[in-house]
2 protein chains.
Amino acid sequence: MKKKITLKTIAKELDVSVSTVSKALKNSSEISLDTREKIQAFAQLYNYRPNNIAISLKNRRTKNIGVIIPDIVHHFFTTVFRGIENYANAKGYNVIVCISDESFDKEVINMELLANGSIDGYIMSLAAETQKKGDYSHLISVVDQGIPLVLFDRVTDQIQCDKITINDEEAGYLATKKLIEGGSKHIALVMNENYLNVDAQRAHGYYRALQEAGLKVDDSMILRLPYQFEEEDKSVQFFKHIVIDGLVSVNEVFAIRCMKQLQQLGKKIPEDVAIIGFTNGILSQMANPSLTSVMQHGQRMGEKAAELLIDRVEGQLEDKQMPFRSAVIQAGILERDSTR
Amino acid sequence: MKKKITLKTIAKELDVSVSTVSKALKNSSEISLDTREKIQAFAQLYNYRPNNIAISLKNRRTKNIGVIIPDIVHHFFTTVFRGIENYANAKGYNVIVCISDESFDKEVINMELLANGSIDGYIMSLAAETQKKGDYSHLISVVDQGIPLVLFDRVTDQIQCDKITINDEEAGYLATKKLIEGGSKHIALVMNENYLNVDAQRAHGYYRALQEAGLKVDDSMILRLPYQFEEEDKSVQFFKHIVIDGLVSVNEVFAIRCMKQLQQLGKKIPEDVAIIGFTNGILSQMANPSLTSVMQHGQRMGEKAAELLIDRVEGQLEDKQMPFRSAVIQAGILERDSTR
DNA sequence: TATTAACACGAAACCGTTTTCGTAATCCTA
DNA sequence: TAGGATTACGAAAACGGTTTCGTGTTAATA
């Protein structure tokens, strides 16, 4: 087992000072070519790599970014994460991930865990519980300390920071309009039983489209589901009692779950009921019939989030004053076989 | 914006030495009760938190673990990751994730990125390209340096380290046997076109089950697919030319893809063709009919991997000599509606 | 030949902790 | 009251780098 090699080791071995070694390895012209070559050769031979931690301490920055997301087993977050990782790695940053599991407490603990110098900034999407509770003190504290923070998808007005979302209201509107254009008149909306700002936005769009088309807006057409699948699902009762010919879902999981139940009730998709979901994941692709869905461009969102964060982190180094930015990614509809 | 507060700040403010502050905050009896209380109160008031980086440098350990996986948009890896994160966080460790994207070069770069003190150890699953290439020098180098390494799922005999897998051969055997017991006689096997040790193991099990049942083993019954979906899929031709009544797939994505194509050819599942897949993900649950599958217990695997790694990291601190361990998680079959 | 400039390198401070060791001041004991 | 023991704290080294500022030696200039 090889021992770790440090500047000190090299210095001792070559009988020069630590500073000389450091400079030589940076190819500083302050050091004679002879010495430089000798030191570099030695370092190469023993495969010297500077200790990141020491450099972090010295520079007061880690080149790590912290990502806190509600869930990882979820196609949308997974694609966002891939985007973040992509961009960050290209810029020489590492990504530390924590999962809040939709829990407020876990979110707070995770932020604490990363707070003390482990990272240069956060990228987050709020836990459902946090949004419900409306308690953002942990975020405020971070922002107060001047630690860069980027919020994506599940954002809040309560915090002043960089944000990145899709145009949820409009996407909800367009999705609903798509069904209306296909001839649907009784359109259900399926959303999370927990309050989420994105769901609320999408619901606005849904309402707007209905009103514009002169269709009746009726709260009994709204189905709220838990994210975890339960056997005696509320949706079973819902579909038995409510007659619909269209369905908008705020995510693909609910859409597919509902599609299956409608099929079991003998409905044909899209002939009897047209369905459109959010999140264009593997589930949407593989469903039978495949699901028309709103593309959220998760990867692009992740890349943009990382870009905003790293911009700010590096801006801070030069004492640059930057206003907070809000980027909006335009969602698009990918038409497949579940709509007409 | 609040300035960062350090031991030095406190020391200066309270007119004591840094060492006194440090000890007082650890409640050392070396410091008088009076002074201790004063310092603790001050620290509390200004919300002092020790700098993790400085502690890492001092302790020569980071409490970070590096995870390198081929893909994150993949249910199995995602659940393993959740298990790792779970266990690690509970032990006070952070998780840094890198994605190799099945590429050898990226794997090497990612390892390098984390190599120099950023983490206390690695948890990895090999990229397809790495397994194909058979070049493990980057892993050898890590092991040589005495950095703990745990390999999961996609492992190799070439490296001496802790490993964790499922009983792939047997799972392949049982899956195939399940179809045979359901009456299937012409069973296809679908696997990745890239070489993966897990696929090879599962294929062994498949062969063994066929032989045991006296069924013909025929390489034309093996379909190799790219992980990325392509429109003019090889499988189309395959299913047109080969008559089958059973299908074993090494993952759920291939299984669902094939199921859909068979359905389009007018086959009934499971009456005409029974299907069983690996990876019990959301896709399997939501498919129509739902997919019988081999549960890989990804989360448990992740937890176990983290346990092995942290054990070794902390064992190293006490100079404990530990033999390398290989844990095997028993896979199980979850029967749903795609088999008879 | 005296003065200065250029060159090549080292000492030391610094980043924020922890920890060992030393030492004044007080206390107890014989 | 001299002696050792105890208490309460500080100085300094260490972790592994970077960087500023000297400084001794040689080379160039007047």
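All values derive from a computational prediction rather than experimental measurement. In what follows, chains are A, B, ... by sequence order, proteins preceding strands, each numbered from 1.
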Problem - Rounded distance in Å - CZ (B:R60) to C1' (D:dG17) - result: 13 Å

Handout entry: Working for side-chain contact (heavy atoms from CB on, under 4.5 Å), residues B:K63 and B:N94
Key = CA-CA 6 Å; B:K63 290 218 145 200; B:N94 281 127; over 6 Å; no

Exercise for the section: Please report, rounded to the nearest Å, how far the P atom of D:dC15 is from the CG atom of B:N116. Expected result: 18 Å

Exercise for the section: May I ask you to check whether over 12 heavy atoms, not counting those of B:N47, lie within 6.0 Å of atom CG? Expected result: yes

Problem - A:D101 and B:R82 ion-paired at < 4.0 Å - result: no

Practice task
Verify whether one side chain among A:Q316 and A:D120 offers a donor that lies under 3.5 Å from an acceptor in the other.
Solution key: no

Handout entry: A:Q160, CD: over 12 other non-hydrogen atoms inside 6.0 angstrom
Key = no

Problem - Nearest-Å distance for atom pair CG/P, residues A:L57 and C:dC14 - result: 14 Å

Problem - Test: B:E102 and B:K132 ion pair at under 4.0 Å - result: no

Problem - Closest non-hydrogen atom pair between B:V198 and B:D153, with its separation - result: CG1-O, 3.3 Å

Practice task
Considering just the side-chain nitrogens and oxygens of B:T35, establish if one lies under 4.0 Å of OP1 or OP2 belonging to D:dC9.
Solution key: yes

Problem - Interatomic distance, B:D120 CG vs D:dC15 C1' [rounded to whole Å] - result: 15 Å

Exercise for the section: Measure centre to centre between the rings of B:F77 and B:F81, then say whether the value is under 6.0 Å. Expected result: no

Exercise for the section: Could you tell me whether B:R300 and B:E307 have a side-chain N and a carboxylate O separated by less than 4.0 Å? Expected result: no

Handout entry: Interatomic distance where CD1 belongs to B:I53 and P belongs to C:dT18 [whole Å]
Key = 14 Å

Exercise for the section: Nearest-nucleotide wise, let me know which of B:R36 and B:N59 is further upstream toward the 5' end of DNA chain D. Expected result: B:R36

Practice task
Answer with base, sugar-phosphate or nothing: what part of the nucleic acid does A:S56 contact at a heavy-atom distance below 4.0 Å?
Solution key: nothing

Practice task
Could you state the atom-to-atom distance from CD1 of A:I31 to P of C:dC7 in whole Å?
Solution key: 13 Å

Problem - Protein-nucleotide distance (A:N52, atom CG; D:dT18, atom P), rounded to Å - result: 11 Å

Practice task
Name every residue in residues 38-50 of chain B that has at least one heavy atom under 4.0 Å from any atom of DNA chain D, in order of residue number, or write none if there are no such residues.
Solution key: none

Problem - Short side-chain donor-acceptor distance under 3.5 Å, A:T20 and A:S17 - result: yes

Fill in the blank from the handout: To the nearest angstrom, the NZ-C1' distance between B:K58 and D:dG17 comes to 15 Å

Exercise for the section: With a 4.0 Å heavy-atom cut-off, tell me which residues in residues 7-30 of chain B come close to DNA chain D, sorted by residue number. Expected result: B:V16, B:S17, B:S19, B:T20, B:K23, B:E30

Fill in the blank from the handout: Of the candidates C:dC9, D:dG17, C:dC15, the side chain of A:N51 sits closest to D:dG17

Problem - B:Y46, OH atom: more than 12 neighbouring heavy atoms under 6.0 Å - result: no

Problem - Axis-to-axis angle between the two ends of the helix from C:dT1-D:dA30 to C:dC27-D:dG4 (five base pairs per end, rounded to 10 degrees) - result: 80°

Problem - Derivation of the side-chain contact (heavy atoms from CB on, under 4.5 Å) call for B:I10 and B:I5 - result: CA-CA 7 Å; B:I10 304 185; B:I5 178 168; 4.0 Å; yes

